[in-house]
Structure formats: C-alpha cells, structure tokens
Amino acid sequence: MSHPTKIGILFSGSGSNMQTLAGHIAHPDVPADLVLTISNRPNAGGIGVCQENNIPCTIIDHKDYETRAAFEAQLDKTLRQAGIEFICAAGFMRLLTSEFVGAWQGRIINIHPALLPKFKGLNTHQRVIDAAESDHGCTVHYMQAEMDEGAVLVQRRIAVLADDTADTLAARVLVEEHQAFPEALDLALENLRKI
Ligand code: GRF
C-alpha cells in the first residue's frame with residue numbers, strides 16, 4: 001500500500017488520545033492521513049477539541065439506535081463511505097461486537113489503561129491500587145472479538161506510588177498513553193505495509 005493510510009479515530013470522552021494521534025498523523029513523515037473522527041457521545045469533550053483544531057468529526061449517538069447492531073451498522077457505513085482503511089479506538093467506551101471487529105480485523109487498534117492481560121475492563125486504576133500492584137501502565141493492542149484481547153503493540157509501565165489515588169494514577173498513565181499510541185500506530189502502519 002503506497003498511498004498514505006486513511007485513518008479514522010473513535011472516541012467517547014475528552015479526546016486527549018485522539019488529539020495526540022491527530023498531531024502525530026499530521027507529521028509529513030507519518031504515512032497516514034486523518035480522514036475522520038467519530039464520537040458516540042454528543043457531549044464528548046473531544047468534539048470541542050475537533051472544532052478548535054479543524055479535525056473532521058461526526059457524532060453517531062449510540063442512544064439513537066434501537067440495537068447495538070444498528071449502531072455498528074451506521075458506524076461501519078460512515079467509516080467505509082469516508083474511505084477509512086484503519087481505525088484507532090482512542091478512549092472509545094462502547095463495546096464493539098465480534099461482527100464489527102471481525103470486519104476490521106488487523107485494521108483496528110485500541111488503547112487500554114492497564115498492563116494487559118492484567119486488569120481488563122473498567123476502573124483499572126482503582127483496581128490496581130486495591131490489588132496493591134507495584135506497577136501499572138497502558139497497552140495499545142489490536143482489537144479482536146473478546147474485549148481487551150488481541151496482540152499487543154506497545155506497553156508503557158509506571159510505578160504505583162504509595163500515596164497514589166485513582167486520579168493521580170490515571171493522570172500519570174494518560175501521559176504514557178500519549179507516548180504509546182503514536183508509537184503503536186507507527187508499528188501498525190509498518191505491519192500494514194508488509195501485507
Ligand atoms: C484514558 O484513560 C483512556 O485510557 C481511556 O479513556 C481515558 C480518557 O482518554 N480509554 P481520552 O482523554 O478521551 O483520550
């Protein structure tokens with residue numbers, strides 16, 4: 001694949017990972033173009049980030065759809081109509097079914113705020129503290145049908161401090177996420193070119 005890969009970014013929240021990726025993709029030496037971002041939440045903070053930075057953003061509110069399948073059908077249609085070739089789930093808080101992920105197998109990556117395979121699911125920071133873990137961090141991985149499974153691209157690790165709270169831990173992990181995701185995207189783009 002010689003042309004720049006057309007990227008779509010999915011987000012649900014503040015969009016700091018989306019914004020970080022947008023900045024990275026804008027570098028001329030990154031063989032990708034950011035074509036579209038999609039939020040499933042109409043009040044996501046990341047929408048404002050897109051408006052302030054002229055990043056294309058579409059809202060597909062999952063609450064507008066009777067079923068998960070109908071929401072995903074619209075999501076898939078929007079991505080394909082935009083010519084998207086690769087998806088980054090950047091703080092996207094909707095579980096995607098195996099049908100959707102299967103249709104994008106090898107072309108969709110996700111960031112998870114924990115050192116997978118440990119601490120899959122939600123509230124990872126508090127769970128890490130409750131488990132008295134010495135380390136924590138984030139993982140960028142290929143998505144596959146089962147939640148938070150899939151081959152790992154990048155992990156970044158931090159020490160858990162004695163006085164850490166879920167909030168202080170989340171803030172330090174987020175800094176690592178902003179390093180890990182661009183690194184992982186570069187690796188995934190290289191892998192695409194090997195196909
Ligand atoms: C981050 O902790 C990320 O790991 C999780 O959502 C949080 C906010 O991410 N998925 P962002 O600022 O919306 O990228």
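For ligands, and for the atoms within them, numbers begin at 1 and follow the listed sequence.
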> Going by the atom numbers of ligand 1, which of them fall below 4.0 Å from some non-hydrogen atom of Gly15?
Replying inline: 11 (P), 12 (O), 13 (O), 14 (O)
>> Can you name the atoms of ligand 1, numbered from 1 with element, that are less than 4.0 Å from a heavy atom of Leu174?
In response: 1 (C)
>> Checking Asp186 against His24: is there a side-chain donor and acceptor pair closer than 3.5 Å?
In response: yes
>> Whether the His3 and Glu85 side chains hold a donor-acceptor pair (N or O, under 3.5 Å, no angle test) is what I'd like checked.
In response: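 Checked: His3/Glu85 side chains pair up, N/O donor to acceptor below 3.5 Å.
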> Which heavy atom of the protein is the closest neighbour of atom 9 (O) of ligand 1, given with residue, atom name and distance?
Replying inline: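 The protein heavy atom lying closest is Asn17 ND2, 3.7 Å.
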>> Can you report which non-hydrogen protein atom sits closest to atom 10 (N) of ligand 1, along with the distance?
In response: Gly91 CA, 3.3 Å
> Nearest heavy atom to atom 8 (C) of ligand 1: which of Gly13, Ser14, Ala90, Ser12 does it belong to?
Replying inline: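 Residue with the shortest heavy-atom distance to the ligand atom: Ser14.
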>> Heavy atom to atom 4 (O) of ligand 1, shortest distance: which of Glu176, Glu177, His178 holds it?
In response: Glu177
>> Below a 4.0 angstrom heavy-atom separation, can you tell me which part of His112, side chain or backbone, both or neither, approaches ligand 1?
In response: neither
> What part of Val173, side chain from CB on, backbone N/CA/C/O, both or neither, has a heavy atom under 4.0 Å from ligand 1?
Replying inline: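 The answer is neither.
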>> Ring centres under 6.0 Å, that's the criterion: do His125 and His136 meet it?
In response: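 They qualify: ring centres under 6.0 Å apart.
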> Taking C-beta and beyond as the side chain, do Ile25 and Leu185 meet within less than 4.5 Å on heavy atoms?
Replying inline: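 Yes, at least one pair of side-chain atoms sits under 4.5 Å.
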> Is there a side-chain contact between Leu189 and Asn191, using heavy atoms and a 4.5 Å cut-off?
Replying inline: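 Leu189 does not reach Asn191 side chain to side chain.
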> Is there at least one pair of N or O atoms, one from Ser16 and one from ligand 1, spaced under 3.5 Å apart?
Replying inline: yes
> Who else is in Phe100's hydrophobic cluster (ILVMFWY, side-chain heavy atoms under 4.5 Å, direct or via others)?
Replying inline: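 Phe100 shares its hydrophobic cluster with Leu10, Val35, Leu36, Ile38, Ile60, Tyr65, Phe71, Leu75, Leu79, Ile84, Ile87, Phe92, Leu96, Val101, Trp104, Ile108, Met143.
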>> Salt bridge or not between Glu72 and Arg94? Use side-chain N to carboxylate O under 4.0 Å.
In response: no
